[in-house]
Amino acid sequence: MANLIEEAKLSIDGLLEKAYEKAVSNETLPQGGFPQGKVEIPKDTTNGDYAANHAMAGAKSLKLPPRTLAEIFVSEIDLSDSYFESVEIAGPGFLNFRLSDNWYGKVLETILREDEAYGCSDEGHGEKVMIEFVSANPTGPMTIGNARGGVLGDALASVMQRAGYNVSREFYVNDAGNQVDLFGKSIEARYLQLIKGEEAVDFPENGYHGEDIKNLAKAIYERDGEKYLDMDSDERCRSFVEFGLPYNIALMKQHLERYRIHFDNWFLESALHNSGYVEETVKLLEDAGCTYEKEDALWLRNTDFGADKDEVLRRSNGFYTYYAVDIAYHRNKFIERGFDRVIDVWGADHHGHAIRFAASMTAPVLGLQNKKLDFLIMQMVRLVRGSEVVKVSKRTGKALTLNDLLDEIGVDACRFFFNAKPDTHLEFDLDLAIRQDSENPVYYVQYAHARICSLIAAMAEEGHAVPTSGGVDASLLNTEQERELIKQLAMLTEEIRLAARDYDPSRINRYVTELAARFHRFYNNCRIKDAEPKLRDARLILCECTEKVIAIALEIVGVTAPEKM
RNA sequence: GCGCCAGUAGCUCAGGUGGAUAGAGCAACUGCCUUCUAAGCAGUAGGUCAGGGGUUCGAAUCCCUUCUGGCGUACCA
């Protein structure tokens, strides 16, 4: 549970404050003027491992030039038993600290001790969090459009679990409403076309044109023949939906498992209707005076809660809108199931809804004052083939399915690629993806892992297994490459914390790519096989720590860590 | 019109809540395998951080404004 990067950083403030107090007792500085400074990690390590700007921050109030103030700090500071071996003044008055052997050794010991739990923290204090993601319409197979949300939601869940949250993954199945009716009518049309010929039956406007619908119709026909031919259309469609939905849901589950996503719960929209929960929730809003009727429809006074427009809850035809159902669904998440925080992973095409919806959820009558509803809005994926933009739509049936994509580029590459920063538009070039072999960064990272594994195995063959006792002498690991590698290893806990805080699991991609880069540099500069025994052992331990950390990071992203390549 | 997200190297993108000389991968060019995996390493070249103002010791980062692109603004979900 150690976060040594932060521990070292936080300790600097204490060291400086003690130095300040000493200067006060020497009467070189006035009392009570310890400056609020910031400690950061400089980009360029010639400026130290940490840089504090206290001398610059305090220059004005203490009426001393920054550099003079810095000199006082340096002369009074006591670094013995600290994480640092030196501090120097640089530039306009930065205090640059350099980490000590003590710190480097502690990093490696921590990784060995915590093992697979390394990187975890108690940041979340067990807060009960639900992450709802993918939630693709069950009217067809999942498409490449679901690939991004899938990875983001799943990786965010992993990151938050490691950061100490009690996380539940949920898939919301829209098995009711308009699109399901349309789904039934689409199958119906294909079924009737099978019997009467394609020309004889009109296909519904806005129907689902995909091959999968034809296949469902064919499957029904093969099982039951012309049994539905003389049936009332409504009843027929109901039968087809009853057949088609479970089939599609099972297929989605299968494809998601292949994509290494496992949901804790598949929540059916129909359950909210059947139990009367939607009705009850709308009644709640009605009784509280949050609604009004207009043109036979029931409207929510959403502008009262800060939204830019009101919303229809119940259409003039008597059916509830998705909006009413969504309110009921979220009330269920918080009230009935007791989640403290809910994170919905939605595409940017829903962001307008997210803003208005968040406003609605503040309605006092819903009783969610102490609850937290957040959205992870990810920008759209732009599909291109070379220079041509590819349109994706489930309705037109022209979408590339997730499963086909996985056939083409593999699960590892796909998960790594789609774990990109949520708020930037992502361009996905199919031509590039297909030949995305060695130029994909995922292989760079996996290669580092495989390299370590085979090295350790080869060394063990020669009787030089990684030592399991005797501790680590980090003072031997004193090249620039070794120090940079260890610092990156120390960074994992902090990266996970930040990824959880910012809902940005793509940080882990960048982190692990940099870790691999630092390992490759170390590997090229530091021989292990023919090093002195003590140095060899220390380096072997460093290799093992790196291997463990890469494996942890890749697991978070959902990518395998191969032992051979 | 209004709202949200973006605009950084030829291409795809980083840039840790204002810090020191703006980075990486790919593409281009040059070196490095009789020595632990060359799917690697080292190096060269490539920039008016969309434009313009402002805030301060200091701005890619914060504020204002203009331009460009994506998405939304349904009794669809």
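Residue numbers begin at 1 in each chain, while the letters A, B, ... track the order of the sequences. None of these values were measured; they are calculated from a predicted model.
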Distance, P atom - from B/U73 to B/C64, rounded to whole angstrom: 26 Å

Nearest-Å distance for atom pair NE2/C1', residues A/H520 and B/A39: 8 Å

Nearest-angstrom distance from the residue atom OH of A/Y323 to P of B/A74: 12 Å

A/Y444 side chain, from C-beta outward: closest of B/A20, B/G40, B/C75: B/G40

Spacing of the C1' atoms in B/G15 and B/U61 (rounded, Å): 9 Å

Sugar-phosphate only, base, or nothing, as touched by A/M378 at under 4.0 Å among non-hydrogen atoms: nothing

side-chain N/O A/R382 vs B/A6 OP1/OP2, d < 4.0 Å: no

Spacing of A/Q379 atom CD relative to B/G3 atom C1', expressed in whole Å: 13 Å

Rounded distance (Å) that lies between atom C1' of B/G40 and atom CD1 of A/I550: 13 Å

Distance under 6.0 Å and angle within 45° of ring axis: A/R451 vs A/F519: no

Watson-Crick or G-U counterpart of B/G40, or none if no pair lies under 3.5 Å: B/C32

Distance below 4.0 Å between A/R507 side-chain N/O and B/A14 OP1 or OP2: no

Touch class at under 4.0 angstrom, heavy-atom based, for A/R510 against every strand present: sugar-phosphate

Identity of whatever pairs with B/U48 - Watson-Crick or G-U, under 3.5 angstrom: none

Touch class at under 4.0 angstrom, heavy-atom based, for A/A458 against every strand present: nothing

C1' gap between B/U21 and B/C26, integer Å: 25 Å

Residue A/D349, side-chain heavy atoms: nucleotide from B/A77, B/G72, B/G19 that is nearest: B/G72

Spacing of OH belonging to A/Y50 relative to CZ belonging to A/F97, to within rounding of 0.5 Å: 11.5 Å

B/G15 phosphate, OP1 or OP2, under 4.0 Å from A/K421 side-chain N/O: yes

Nucleotide forming a Watson-Crick or wobble pair with B/U12, both distances under 3.5 Å: B/A24

Residue whose closest nucleotide on RNA chain B lies nearer the 5' end, A/A297 versus A/M459: A/M459

Distance, rounded to the nearest Å, where A/R521 contributes CZ and B/G43 contributes P: 9 Å

Spatial distance of atom CG (A/L492) from atom NZ (A/K548) [nearest 0.5 Å]: 13.5 Å

Whether A/F267 and A/Y329 hold their rings parallel, tilted or perpendicular, with breakpoints at 30° and 60°: tilted

Touch class at under 4.0 angstrom, heavy-atom based, for A/R501 against every strand present: base

Sugar-phosphate only, base, or nothing, as touched by A/E495 at under 4.0 Å among non-hydrogen atoms: nothing

B/A14 to B/C5 separation - P atoms, rounded to the nearest Å: 15 Å

A/N524 side chain, from C-beta outward: closest of B/C41, B/C4, B/C5: B/C41

Nearest-Å distance for atom pair OH/P, residues A/Y50 and B/A20: 18 Å

Pi stacking test for A/F94 and B/A20: under 5.5 Å apart, planes under 30°: yes

Distance flag, aromatic centroids of A/F203 and A/H209, threshold under 6.0 Å: yes

Plane angle bin for A/H353 and A/F357 - parallel if under 30°, tilted between 30 and 60°, otherwise perpendicular: tilted

Spacing between A/E40 atom CD and B/G58 atom C1', to the nearest angstrom: 12 Å

B/U48 to B/U30 separation - C1' atoms, rounded to the nearest Å: 30 Å

Sugar-phosphate, base or nothing in reach of A/N53, heavy atoms under 4.0 Å: base

Opposite nucleotide pairing with B/G58, Watson-Crick or G-U, both atom distances under 3.5 Å: none

Side chain of A/Q179 - closest among B/A20, B/C5, B/A77: B/A77

Spacing of CG belonging to A/N525 relative to CD belonging to A/Q481, to within rounding of 0.5 Å: 3.5 Å

Phosphate contact (B/G16 OP1 or OP2) by A/R497 side-chain N/O below 4.0 Å: no

Length of the line joining A/N178:CG and B/C75:P, which is rounded to integer Å: 12 Å

Residues A/E462, A/K529: salt bridge by 4.0 Å N-O rule: yes

Residue matched to B/U73 through Watson-Crick or wobble contacts both under 3.5 angstrom: B/G1

Greater than 12 external heavy atoms within 6.0 Å of A/E293's CD: yes

Which nucleotide in B/G15, B/G69, B/A42 has an atom nearest any side-chain atom of A/H425: B/G69

B/U56 and B/U17, which share atom name P, separated by this distance in whole Å: 22 Å

Touch class at under 4.0 angstrom, heavy-atom based, for A/Y523 against every strand present: base

NZ (A/K534) with more than 12 external heavy atoms under 6.0 Å: no

Out of B/A77, B/G18, B/C41, whichever nucleotide has its closest atom nearest the side chain of A/K38: B/G18

Same-atom distance (C1') from B/G53 to B/A9, integer angstrom: 27 Å

Residue A/Y322, side-chain atoms from C-beta onward, closest of B/G16, B/C71, B/A77: B/A77

Closest to the A/T424 side chain, choosing from B/G40, B/C13, B/C36: B/C13

Over 12 foreign heavy atoms within 6.0 Å of OH, A/Y292: yes

A/L426 side-chain proximity, nearest of B/C4, B/C13, B/A77: B/C13

Glycosidic class, syn or anti, of B/C36 using a 90° window around 0: anti

Touch class at under 4.0 angstrom, heavy-atom based, for A/D181 against every strand present: nothing

Ring geometry between A/F418 and A/F428 (parallel below 30°, tilted from 30 to 60°, perpendicular above 60°): parallel

Contacting residues from residues 445-453 of chain A, given that a heavy atom lies under 4.0 angstrom of RNA chain B: A/Y447, A/A450, A/R451

Listed nucleotide nearest any side-chain atom of A/R356, set B/A77, B/U73, B/U17: B/U73

Residue whose closest nucleotide on RNA chain B lies nearer the 5' end, A/K564 versus A/G352: A/K564

Same-atom distance (C1') from B/C33 to B/G23, integer angstrom: 29 Å

